[in-house]
Protein chains: 2
Amino acid sequence: MLESQQRSSYTGALSPEYALLGFLALREAHGYGLHQQLVQELGQVWHVSLSQTYNILGRLERQGYISGSMMPQDKLPARRTYHLTQAGRRRFDQWLQSPSGCSVHAIRVEFSTRLYFALLLQPGYADELIDLQVKVVQGGLQRMRKALSCMPPEQTVNRLGLSLRIRQLTSVAEWLTECRTALGPAHDMER
Amino acid sequence: MLESQQRSSYTGALSPEYALLGFLALREAHGYGLHQQLVQELGQVWHVSLSQTYNILGRLERQGYISGSMMPQDKLPARRTYHLTQAGRRRFDQWLQSPSGCSVHAIRVEFSTRLYFALLLQPGYADELIDLQVKVVQGGLQRMRKALSCMPPEQTVNRLGLSLRIRQLTSVAEWLTECRTALGPAHDMER
DNA sequence: CCAACATACTCACCGAGTGAGTATAGGGTA
DNA sequence: TACCCTATACTCACTCGGTGAGTATGTTGG
């Protein structure tokens, strides 16, 4: 009964792990620095504490996507430098190709992150990424509008809840076109 | 640096625990039934699995906000019937009075839930609740707009991220006025 | 007669996220 | 010189969020 949503087996895409993989795709780094980078570059997108960053790095290493080794420094304490494994590279590349779901949160954090790395790694691909996402959003909007029209009127709060989701997704669609115009000029200069 | 957000000590307000407290404020009930109620009445607002419902009930009981006792049934297996304690009643009443933060998610789920119970328990209060929330949202919007104007232009993705948050919150504000008109007529009949 | 479905939970597990703690180095001040 | 604050660089223990599988029984449809 209207359980759409596309939850399925949770892929962890809504934690900043791909951002960390992305930074490591650019160059190897250690946890503390990665956290600083995350805050500076994507602080408006993700809000992650230092220990959370280490948690994710630990998990990514356990799962074999990154691998780290202690690098002693003179004066300052030794630090663990991570680099992407082949599996990690594959995972990141694959993620970069696939559009986000059509939940507002997914788009705000995951799509923005994807856009960030697309601009850095293959700027010509950004437009395509946005178009792809627009299509997903449009599809989601249709489904939601249909669901709303099918909902009994006495479900006041449920109707309002869905109505808000529709408004939110509509403004996401508008924002996506804003993205295109915001990136358009710089993008033209690239090619 | 722009850590606004009002995180502070996390109050658990973004899990459906208050919805469960609310249902129990109306009448005592057992886990399975509470879950059904949650899905039927607020399914567009919260997406909670059965086991998650039991998790939360377990925690609420450990924390002393609800208390349950096994009620044997003939034929069907015995079930644990919960009722609100005084502490739970206080907690729920206090929550019902206080506006949500100005994050989109907080409003979508928490405010909607508050509105749902306000309409059931003290319908005359709903308008006031909405007005209160509008003020919070307007304040948040101002802070975000200011933050955006202060952000360096080279922070493209961060700027876009904040811009989306602003769009989202703007559409929340519009939705709140939709709430008022949607509830207005029924509401007039109440007084 | 059997399968599917509804009732009513329980359990084990992993990821999300926080806060406190550890240790060292460098810079400023009283 | 003693002291404190900040920055670097983590580690640990803990709670909450959330899922999926499993258990056990009764009812209903083919």
Side-chain angles (χ1 to χ4, degrees), chain A residues 1 3 5-20 28-40 46-63 65 68-82 103 105-106 109-110, chain B residues 1 3 5-20 28-40 46-63 65 68-82 103 105-106 109-110:
Chain A
M1 182 256 220
E3 265 303 342
Q5 246 66 52
Q6 108 280 340
R7 39 181 86 253
S8 67
S9 65
Y10 177 62
T11 58
L14 292 182
S15 99
E17 60 177 83
Y18 286 100
L20 295 175
E28 61 173 34
H30 55 281
Y32 190 86
L34 284 167
H35 180 252
Q36 285 188 315
Q37 216 175 341
L38 196 54
V39 169
Q40 275 169 35
W46 300 104
H47 301 117
V48 187
S49 67
L50 185 56
S51 36
Q52 176 65 354
T53 302
Y54 285 111
N55 280 346
I56 296 168
L57 288 173
R59 176 160 44 92
L60 287 173
E61 183 162 32
R62 274 200 312 280
Q63 295 174 339
Y65 297 120
S69 46
M70 293 308 286
M71 297 291 189
Q73 308 178 96
D74 48 327
K75 310 245 168 168
L76 282 174
R79 59 196 190 179
R80 192 166 186 78
T81 302
Y82 289 103
S103 98
H105 186 239
V109 296
E110 206 195 348
Chain B
M1 181 255 223
E3 265 303 343
Q5 246 66 49
Q6 108 277 344
R7 41 183 83 253
S8 66
S9 65
Y10 178 62
T11 58
L14 294 182
S15 99
E17 61 177 84
Y18 286 101
L20 295 176
E28 61 173 34
H30 55 282
Y32 191 86
L34 284 167
H35 179 253
Q36 285 188 315
Q37 216 174 340
L38 196 54
V39 169
Q40 275 169 33
W46 299 102
H47 301 117
V48 187
S49 68
L50 185 56
S51 36
Q52 177 66 354
T53 302
Y54 285 112
N55 280 346
I56 296 168
L57 288 173
R59 175 160 45 92
L60 287 173
E61 183 162 33
R62 275 200 313 281
Q63 295 174 340
Y65 296 121
S69 46
M70 293 308 288
M71 296 293 190
Q73 307 179 96
D74 49 328
K75 309 242 168 170
L76 282 173
R79 59 197 189 178
R80 191 166 185 80
T81 302
Y82 289 103
S103 97
H105 186 239
V109 296
E110 206 194 348

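We use all heavy atoms of the structure for the numbers below, so side chains are in, but hydrogens, waters and symmetry mates are not.
Across the protein-nucleic acid pair, B:H35 atom NE2 and C:dA8 atom C1' stand 12 Å apart, rounded to whole Å. The NE2 atom of B:H105 sits 14 Å away from the C1' atom of C:dA16 (whole-angstrom rounding). One atom, CD of A:E61, and another, P of D:dT11, lie 10 Å apart when rounded to the nearest Å. Distance CD (A:Q40) to P (D:dA7): 13 Å, rounded to an integer number of Å. Distance CG (A:L50) to C1' (D:dT8): 10 Å, rounded to an integer number of Å. Separating the OH atom of A:Y18 from the P atom of C:dA16 is a distance of 11 Å, rounded to the nearest angstrom. The CZ-C1' distance, from B:R62 to D:dC16, rounds to 10 Å in whole Å. Between the CE atom of A:M70 and the C1' atom of D:dA9 there is a distance of 9 Å, rounded to whole Å.
Proximity of B:T53 to B:L57: side-chain heavy atoms (C-beta onward) are separated by under 4.5 Å at one or more points. Annotation: side chain of B:E17 is in contact with side chain of B:R59 (closest heavy-atom distance under 4.5 Å).
Side-chain N/O atoms of A:Y32 include one lying less than 4.0 angstrom from OP1 or OP2 on D:dT8. Distances shorter than 4.0 Å separate none of the side-chain N or O atoms of A:R80 from OP1 or OP2 on D:dT11. Between C:dG15 and A:Q63, a contact under 4.0 Å exists linking OP1 or OP2 to a side-chain N or O. At C:dT24, none of the side-chain N or O atoms of A:Q73 fall inside 4.0 Å of OP1 or OP2 (strictly under the cut-off).
Projected onto DNA chain D by closest heavy-atom contact, A:Q36 and B:S49 fall at different nucleotides, the more 5' of which corresponds to A:Q36.
Looking at residues two or more places apart in sequence or on another chain, you find no side-chain hydrogen bond (donor to acceptor under 3.5 Å, both in side chains) involving A:H35. A:Q63 meets the side-chain hydrogen bond (donor to acceptor under 3.5 Å, both in side chains) test with no other residue; sequence neighbours excluded.
The line from CD of B:Q36 to NE2 of B:H30 is 7.5 Å long, rounded to the nearest 0.5 Å. In this structure, B:L20 CG and B:W46 CH2 are separated by 9.5 Å, a value rounded to the nearest 0.5 Å.
Checked by distance alone, B:N55 brings no side-chain donor or acceptor within 3.5 Å of a matching partner on the base of D:dG17.
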Interface polar pairs with nucleotides 21-24 of chain D, N/O, under 3.5 angstrom:
none

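A:I56 comes within contact range of no nucleotide atom at all, as no heavy-atom separation falls under 4.0 Å.
Distance from the side chain of B:Q52 is smallest for D:dT19 among the nucleotides D:dT19, C:dA8, D:dC10.
Annotation for B:Y82 and B:E28: closest pair O-CB, 3.1 Å, computed over non-hydrogen atoms.
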